[in-house]
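FYI, side chains are in, hydrogens and waters are out, and symmetry mates aren't considered; it's all heavy atoms of this structure. One-based numbering, in listed order, for ligands and for the atoms of each.
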Amino acid sequence: MPLPAELARLPGKAVASSTATRHSLLFMAALLLLLFVVTSGGLVQIALQQNARATEQSLFYLDKAIRAREKSILATLKDYAYWGEAYRNLHVTVNYEWAYTRQNLGPSLFQDFAYEGVFVVDPQGRTSYSVVNGQRVSSELGQWLGQDIDELLEQARRQTEDEEPVVGFAQVGGQAALLAATGFTTGGDPQVGIQTGPPSLLLFVDLLTPAKLQALGQDFGVDNLRLVAAPADPQASPTLSLTSVGAGPLWLHWEPAQPGRQLLYLILPLLGLGGAIFALITWLNLRWAIASAREVDASYASLYASQQALAASELRFRDVAEAASDWIWEADAELRLTYLSTRFQTLTGHPVSSWLGRPLSELMQFPGGLDAWLQGCNSHAMASHNCECQYRDLDGELRTCHLTLLRIEDGPMADGYRGTVSDITDELQAQARIEHLLLHDALTGLPNRNRMQAFLEGKLKALSSASKPLVMLSIDLDRFKPVNDSFGHEVGDQVLAEVSQRLRFALRDGDLVARMGNDEFILIVCGIAAAQEVERLCARLIAGIEQPFNIGSHTIFLGASIGVAMSPADTSEADELLRFADIALYQAKGIGQSSWCFYAKDMNERVIERRQLESDLRQALANEELRLVLQPRYSVSSQRIVAAEALVRWQHPQRGLLGPDSFIAIAESTGLIIPLSAWVLRAACREALSWSEALIVSVNLSPVEFRRGQLVAQIRAVLEETGLPAHRLELELTESVMVEDAEGALALMLELKGLGVRLSMDDFGTGYSSLSYLRTFPFDGLKIDRSFMTDLHAAENSQAIIQAIIGLGRALALTVTAEGVETQEQLDLLRKYGCDEAQGYFLSRPMPPEALRLLC
Ligand code: C2E
Ligand code: CA
Ligand code: CA
């Protein structure tokens, strides 16, 4: 479920607030820092520009000063050189007295103009007059200068005519020197005669000594003006180059005034201090702002968390309320409903609104009333109470539920109630269903063994105290097994359901019919004691079951056997009564179909014995206790053995050798007949192989085995396995095979004939319909039952019957065998009537295989 929009936005807000505060503060700090840097940069720039301008100015003025100095030296030089007196006294002749002594061109030049050197060079290039530092000396100009300045002198000489002196710089003794030279002229003085040839030259040397440069610099506001050997970095300090007449240029260097620097010296510390204070304040502010933003964040987060927890708890409550199988209710102090969860409508069908404001007692029916229950609750100190109550849903169906109640002691709804209601109707129904299933048979819906047991015990207790009678009938259906086998379980189940109905209808209300197992039922009937009455009931029950069952296209006939045990006549114990009824049933089954039997004390032992034999027989097969004996059949005419019948014996470890009459019925009823028959068949076929090839071996088939589907396959397998030719095997069947299912029997017999074996009808004459069967079924022979032999010689009737049977056999081309021939007379009669074969003690008793082998 999504969070409400307002809540969903909260965490974003909280995080944004601290980050935004931090960001905006940092941005402002950065902005102020930038302003500070730009201002400082601007100031520095201004200072540098001022410095540059000051340097430029100093350069301009210094250049001007140098030019002025040049002009001044040239002007002075002109005054002295273009003067007739000087021409006469220093060119025409060299008059030291005039020049030096009289100070016309002597020490005054040093004293007044500070020219360190005054030289006169004659036309031959020799120095004719020289004054150095105001003293007349006789030194050569080149020597004093330390270099040749012929070029300058030559130029001065050339330009003399035009009275244009030459000026230039040279380095003299490590100092810069301003040189000015020109030739002497008469200066237009008519009294002086002009000499031919080139004039003598006058040269002034103004040494720019450090003192002079210092003074010059100070005049123009520059410090430390000096000559340097090579130009320094022009950016760092200004340089003025002077064209030299000598080797290379001369460089003047000075420290210009730097007004900007002062500005910087003054302002930068102040700016730095201001910046530091500003940074400190900004940092403190930032810290404070971030801390408070964090606080805001934290409170936002805790607000968000608590709101989210609240929302989650609400959601949880809603989910639980909606997903729960219960519904939740709240009521005021008068138990009027004030809240119903949405599940209420889903579960009850009632709209929530239709019940709000109405009393809880109107909705729910409390056993004994709500008030009584509440009083009971109040007397207990427990916080919550619960009870089972009922309500009607919207469809009017009464539902059972479990209601819990809790008193609300405080909170906005002072003194009220709340609780849950869970519908347990389905649970109760399921419980009832399970109980029913535990006590009833799923197929027929009848009570099962458990229910019967409980009923029986209850009844016995109630009746024995009043010494009233109770009859227990144990019923087992006859011929039910084949129904299942041939029509399938579905049909079988429908038959059982129908049988249940019929049994129920046959009883009164207080009686009980229970199904115990497959086709076994128990009936418990109260209120009858007379044996006749019970017999009538049994007859009625059997008659009811013998009515045909029409299931789909099938019409099925069943019978029933009933065992009767009575209380208190036989016993008053439930277990014993059941056992006795079972014993009586066993007995009834033994009697034959559709019969009933009352329990008698001696039955008990017989049944126990039979049961014992049953379990022994199971062992017998595994322990190889079965024995085969063979009884020969003789040709009546030739008196030779033509066949032998296989008969089974049981070598019982305790009871000794048992004949088939004492165990074949048990084998049939337990299904053990199948492995038993297989054993006899295999042993008989194997044995027949040792006889003369003309002899036939006959084997008895049980009706039970005939009904099972495997017979044909089994016989084929034994023939293949032993290698006995099929025509040497004869199968003896009794009429009962055909009575039960004529169509099925015919099909099966045709299949058996297909294998090539012989079929003969055993015990012919004992049934009612043997004659008709003989005609329609593919028999090869018939065996006249030995009961006809017993009174053959006495009863004419028997003789007539035997005669007729032999005649019929002949007509149908069947081999007729007479069984139970015990006397010569019987044999003679048979011969007389034309009987084919005879078998009996008179001819040969059943014998072990070894004995027969000697005869064949
Ligand atoms: P059954 O098929 O009628 O077999 C002939 C019975 O008559 C045999 O009894 C035999 O011993 C007896 N018997 C032969 N000659 C005489 C005589 O002259 N006088 C008298 N009183 N009895 C004579 P047994 O062996 O006790 O067999 C009894 C029945 O048990 C047989 O009757 C047959 O139905 C059944 N049976 C025997 N062996 C088998 C078997 O392997 N499979 C099946 N399914 N049934 C068997
Ligand atoms: Ca037989
Ligand atoms: Ca027989």
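- Among the atoms of Glu819, no N, O or S atom falls under 3.0 Å of the Ca ion (ligand 2).
- Taking all heavy atoms of Phe706, Trp679, Tyr841, Phe663 into account, the minimum distance to atom 16 (C) of ligand 1 is reached by Tyr841.
- Side chains of Gln839 and Thr817: no donor on one and acceptor on the other come within 3.5 Å.
- The atoms of ligand 1 that sit less than 4.0 Å from any heavy atom of Glu645 are 2 (O), 4 (O).
- Heavy-atom proximity to Gly820, at under 4.0 Å, picks out these atoms of ligand 1: 16 (C), 17 (C), 18 (O).
- Each of the following atoms of ligand 1 lies closer than 4.0 Å to a heavy atom of Gly840: 15 (N), 18 (O).
- With a 4.0 Å heavy-atom cut-off, ligand 1 is reached by the side chain of Arg786 but not by its N, CA, C or O.
- A pairwise comparison of heavy atoms in Ala584 and Met603 identifies CA-SD, 3.9 Å as the closest pair.
- The aromatic rings of His554 and Phe487 are tilted relative to each other, their planes meeting at an angle between 30° and 60°.
- Looking at Glu668 against ligand 1, nothing comes within 4.0 Å, counting heavy atoms.
- Counting the atoms of ligand 1 from 1 in the order shown, those under 4.0 Å from a heavy atom of Arg649 are 25 (O).
- Contacts classified as salt bridge (charged side-chain N to carboxylate O under 4.0 Å, His left out) and involving residues 621-636 (residues at least two apart or in different chains) are given here: Arg633-Glu730, Arg633-Glu837.
- Of the charged side-chain nitrogens involved, at least one lies within less than 4.0 Å of a carboxylate oxygen, so that Asp780 and Lys753 count as a salt-bridged pair.
- Enclosure of atom NZ in Lys481 is not indicated, since only 12 or fewer non-hydrogen atoms of other residues, nucleotides or ligands lie within 6.0 angstrom.
- Checked by atom type and distance alone, the side chain of Ser615 pairs as donor or acceptor with a backbone atom of Gln612 at under 3.5 Å.
- In this structure, Arg502 contributes its side chain and Gln547 its backbone to a donor-acceptor pair below 3.5 Å.
- Polar contact with ligand 1: absent for Ser677 (N/O pair, distance under 3.5 Å).
- Only the side chain of Asp763 comes within contact range of ligand 1, with a heavy atom under 4.0 Å; no backbone atom does.
- Of all heavy-atom pairs between Met516 and Arg449, the closest is CE-NH1, 3.2 Å.
- At under 3.5 Å, a nitrogen or oxygen of Glu822, whether backbone or side chain, sits near a nitrogen or oxygen of ligand 1.
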Item checked: Chi angles and distances behind the salt bridge (charged side-chain N to carboxylate O under 4.0 Å, His left out) call for Lys589, Asp478 -> CA-CA 8 Å; Lys589 284 237 148 214; Asp478 296 330; 2.9 Å; yes
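- Of the polar atoms of Ile664, none of the N or O atoms is found under 3.5 Å from an N or O of ligand 1, judged by distance alone.
- Near Val648, with a cut-off below 4.0 Å to any heavy atom, the atoms of ligand 1 are 38 (N), 39 (C), 40 (C), 41 (O).
- Between Asp762 and ligand 1, at least one pair of N/O atoms sits closer than 3.5 Å.
- Under a 4.0 Å criterion applied to the non-hydrogen atoms of Pro846, ligand 1 contributes the atoms 11 (O).
- Salt bridge status for Arg579 with Asp582: absent, with no side-chain N to carboxylate O gap under 4.0 Å.
- Listed by atom number, the atoms of ligand 1 under 4.0 Å from Val680 heavy atoms are 41 (O).
- For ligand 1 and Gln631, the ligand atoms under 4.0 Å from any heavy atom of the residue are 10 (C), 14 (C), 15 (N).
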Side-chain atoms of residues 713-725: list all donor-acceptor pairs with protein atoms under 3.5 Å, sequence neighbours left out, distances to 0.1 Å.
residue	atom	partner	partner atom	Å
Glu721	OE1	Arg682	NE	3.3
Glu721	OE2	Arg682	NE	3.0
Thr722	OG1	Val718	O	2.8
Thr722	OG1	Leu724	N	3.4

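- For Gln710, the CD atom is loosely surrounded, since the number of other residues' heavy atoms within 6.0 Å does not exceed 12.
- More than 12 heavy atoms of other residues, nucleotides or ligands shown are found within 6.0 angstrom of CZ on Arg853.
- Residue-level check: among N/O/S atoms of Glu732, OE1 sits closest to the Ca ion (ligand 2).
- Counting heavy atoms under 4.0 Å from ligand 1, residue Lys783 does not touch it at all.
- Counting heavy atoms closer than 4.0 Å to ligand 1, residue Asp785 contributes nothing at all.
- Ligand 1 has no nitrogen or oxygen under 3.5 angstrom from a nitrogen or oxygen of Glu705.
- With atom 37 (C) of ligand 1 as the reference point, the heavy atom nearest to it among Pro660, Gly659, Ala684, Ser698 is part of Pro660.
- Only the side chain of Glu819 comes within 4.0 Å of ligand 1, judged by heavy-atom distances.
- Geometry at the Ca ion (ligand 2): OD1/Asn700 and OE2/Glu645 form an angle of 80°, nearest 10 degrees.
- Shortest distance from the Ca ion (ligand 2) to Asp762 is reached at OD2 (N/O/S atoms only).
- In this comparison of Leu647, Val821, Val629, the heavy atom closest to atom 8 (C) of ligand 1 sits on Leu647.
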